[in-house]
Amino acid sequence: MAGKVVAVFAVTAARIDADDPLAGLETGERPEPAVPDGWTTVQVRAASLNHHDVWTLRGVGISADRLPIVLGCDAAGIDAGGNEVIVHAVIGDPDAGGGDETLDPRRSLLSERHDGTFADRVAVPRRNLVPKPPALSFEEAACLPTAYLTAYKMLFDKAGAQPGATVLVQGAGGGVATAAIVLGRAAGFRVWATSRSEAKRERAVRAGADQAFPPGARLPERVDVVLDSVGKATWAHSLRSAKPGGRIVTCGATSGDAAPAELARIFFLQLSVTGATMGSRDQLARLARFCEQSGARPVIDRVLPLTAARDGLAAMISGELFGKVVFTAGAAAGPAG
Ligand SMILES: NC(=O)c1ccc[n+]([C@@H]2O[C@H](COP(=O)([O-])OP(=O)(O)OC[C@H]3O[C@@H](n4cnc5c(N)ncnc54)[C@H](OP(=O)(O)O)[C@@H]3O)[C@@H](O)[C@H]2O)c1
């Protein structure tokens with residue numbers, strides 16, 4: 001065994017606990033990831049935290065028979081050829097999804113069926129590697145695959161809005177929400193945001209929102225598009241805030257998903273309600289280029305070593321974040337073999 005690495009440091013969901021998600025979190029050595037045909041290994045330099053990781057520990061979207069599993073959807077690092085890459089988190093077959101792997105009925109995200117990115121090394125399908133623009137740091141690039149890609153798809157694919165349109169972003173402090181503010185600003189939308197916290201409302205404006213409001217506030221006028229990742233707590237306001245013919249794009253339900261549909265409002269005002277999940281590998285490549293070209297950069301709340309993942313998760317669970325938590329990993333090791 002001398003000289004050969006047989007284990008990686010990893011952050012793992014070992015057990016499910018709906019009420020105390022950190023109870024099932026384990027950190028320590030895991031076996032080197034297996035590399036199936038067509039897959040390769042990436043040396044992780046940075047990985048970012050998503051609410052998905054909290055859901056996994058709570059047992060949402062995963063069953064106990066999949067555990068233990070390494071957490072983490074997002075990473076940027078070095079591939080086997082020594083190239084700087086971003087890892088696309090969607091494991092799916094574009095052919096099975098009519099050309100879009102997010103529509104493959106069997107698609108999963110890293111950390112759902114296959115070990116995720118919160119490790120020194122991660123195994124991924126070769127097609128899931130996207131070049132990292134040199135202008136983005138590993139920490140910035142690691143924010144793109146889930147929160148920024150989903151916000152990109154919501155804004156530029158699902159919302160169908162023209163530059164100059166007004167976009168309302170609910171729950172401004174979140175990873176997806178800050179992404180929508182930053183990308184929307186860079187694309188020339190007028191961005192309005194809501195947040196429960198005055199401090200986060202101020203930060204939302206500094207991040208690029210034109211105005212920020214308390215949850216449920218009456219807006220100066222109705223908006224063309226609402227982007228909602230919060231769910232139950234903001235849904236009624238989202239429906240009330242869209243102008244006739246407006247569009248509401250939903251990607252998440254952090255506060256619960258049992259909000260009334262309000263069908264009468266939807267048909268009477270001819271609103272469109274549409275869902276968004278992640279994005280394709282090609283959209284991730286375009287997002288990286290968009291950041292490079294526009295100068296837009298992810299909002300990062302804090303950077304922690306992967307060994308301190310528990311602290312990052314605790315901050316997300318308590319709702320104190322503004323933007324992304326990024327973990328750094330594997331800095332001492334060389335290119336993957
Ligand atoms: N469909 C997809 O592909 C996809 C991709 C990414 C994320 N998501 C989902 O989208 C959601 C957000 O993900 P994230 O990673 O951005 O999470 P996050 O960083 O933890 O952000 C959650 C945000 O939601 C707001 N929020 C939470 N509870 C609330 C409540 N009771 N009332 C009002 N606002 C509340 C908060 O905003 P304020 O504190 O500013 O009020 C918070 O900043 C998650 O449910 C996640 O699973 C889905």
Side-chain angles (χ1 to χ4, degrees), residues 21 48-58 60-62 71-74 88-90 92 100-103 107-112 142-155 157-158 168-183 192-205 207 209 212-217 227-238 249-259 274-280 283-284 287 298-302 312-326:
S48 80
L49 180 65
N50 292 289
H51 216 94
H52 186 278
D53 303 300
V54 178
W55 290 131
T56 299
L57 290 162
R58 289 192 196 277
V60 177
I62 195 161
L71 289 166
C73 300
D74 298 354
H88 184 221
V90 181
D100 178 347
E101 61 268 40
T102 68
L103 297 177
R107 63 118 175 89
S108 67
L109 303 187
L110 282 173
S111 79
E112 290 179 350
C143 297
L144 301 189
T146 295
Y148 279 71
L149 182 57
T150 303
Y152 179 92
K153 184 181 199 167
M154 293 170 89
L155 273 170
D157 180 349
K158 298 290 185 173
L168 175 66
V169 178
Q170 300 280 23
V176 174
T178 46
I181 293 169
V182 165
L183 299 177
W192 290 347
T194 67
S195 175
R196 297 168 292 178
S197 133
E198 189 176 350
K200 290 190 195 179
R201 292 197 291 274
E202 283 169 13
R203 291 184 74 177
V205 171
F213 306 88
L227 305 184
D228 193 324
S229 66
V230 179
K232 187 176 180 181
T234 52
W235 190 247
H237 184 245
S238 292
V249 188
T250 167
C251 80
T254 311
S255 61
D257 72 352
T274 183
T277 282
M278 305 297 283
S280 67
Q283 285 176 320
L284 177 60
L287 163 62
V299 178
I300 295 175
D301 181 281
R302 66 193 74 180
L313 277 153
M316 176 169 277
I317 292 164
S318 69
E320 68 190 55
L321 300 173
F322 187 86
K324 297 284 288 173
V325 174
V326 177

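Note that the structure is a prediction, hence the values are computed from the model and not measured. Counting starts at 1 for both ligands and their atoms, in listed order. Atoms considered below: every heavy atom in the structure, side chains included; atoms not considered: hydrogens, waters and symmetry mates.
- For A233, every heavy-atom contact with ligand 1 shorter than 4.0 Å involves the side chain, none the backbone.
- Distances from atom 40 (O) of ligand 1 to the heavy atoms of G319, A253, S195 show the closest one on S195.
- When only interatomic distances are considered, the shortest N/O to N/O separation between T254 and ligand 1 falls below 3.5 Å.
- Using a 4.5 Å cut-off on side-chain heavy atoms (C-beta onward), R203 and T178 make no contact.
- By the 6.0 Å contact criterion, CG on D257 is open, its count of non-hydrogen atoms from other residues, nucleotides or ligands being 12 or less.
- The structure places OG1 of T102 at 3.0 Å from NZ of K153, a figure rounded to the nearest 0.5 Å.
- For M278, heavy-atom contacts with ligand 1 shorter than 4.0 Å involve the backbone as well as the side chain.
- With a heavy-atom cut-off of 4.0 Å, M316 touches ligand 1 through its side chain alone.
- Taken from OG in S195 to CZ in F322, the straight-line distance is 8.0 Å, to the nearest 0.5 Å.
- In this structure, CG on L71 lies 14.5 Å from CH2 on W55, to the nearest 0.5 angstrom.
- Side-chain contact between M278 and T146 is present, with heavy atoms from C-beta onward closer than 4.5 Å.
- Both the backbone and the side chain of T277 come within 4.0 Å of ligand 1, judged by heavy-atom distances.
- Closest heavy-atom approach to atom 23 (C) of ligand 1 within the set S48, G173, G174: this belongs to G174.
- The shortest N or O to N or O distance between S197 and ligand 1 is not under 3.5 Å.
- Counting the atoms of ligand 1 from 1 in the order shown, those under 4.0 Å from a heavy atom of V176 are 6 (C), 7 (C), 16 (O).
- Rounding to the nearest 0.5 Å places CG of L321 at 7.0 Å from NZ of K200.
- Ligand 1 has A276 within reach: a non-hydrogen atom of the residue lies less than 4.0 Å from it.
- Of the protein's heavy atoms, K200 NZ, 2.7 Å lies nearest to atom 39 (O) of ligand 1.
- The closest approach between a heavy atom of T146 and any atom of ligand 1 is below 4.0 Å.
- Residue contacts with ligand 1 include A172, since one of its heavy atoms falls under 4.0 Å from the ligand.
- From the protein, the heavy atom lying nearest to atom 25 (C) of ligand 1 is V230 CG2, 3.7 Å.
- Side-chain atoms of L109 and V90, non-hydrogen and from C-beta on, do get closer than 4.5 Å to each other.
- L144 places none of its side-chain heavy atoms less than 4.5 Å from the side chain of Y152.
- Atoms CG and OG1, on L155 and T150 in that order, are 11.0 Å from each other to the nearest 0.5 Å.
- Protein heavy atom closest to atom 5 (C) of ligand 1, with residue, atom name and distance, is T150 OG1, 3.2 Å.
- Which of C251, G252, A204, A89 comes nearest to atom 48 (C) of ligand 1 through a heavy atom is settled by distance: it is C251.
- Taking only non-hydrogen atoms, the option from S229, S255, G175, A199 nearest to atom 19 (O) of ligand 1 is G175.
- Closest protein heavy atom to atom 29 (C) of ligand 1: R196 NH1, 3.4 Å.
- Among the atoms of W55, some N or O lies under 3.5 angstrom from an N or O of ligand 1.
- From L313, atom CG reaches atom NE2 of H51 across 10.0 Å, with rounding to the nearest 0.5 Å.
- Of all the listed residues (E320, H52, H51), H51 holds the heavy atom that lies closest to atom 18 (P) of ligand 1.
- Using modelled atom types and a 3.5 Å distance limit, the side chains of S280 and E101 yield no donor-acceptor pair.
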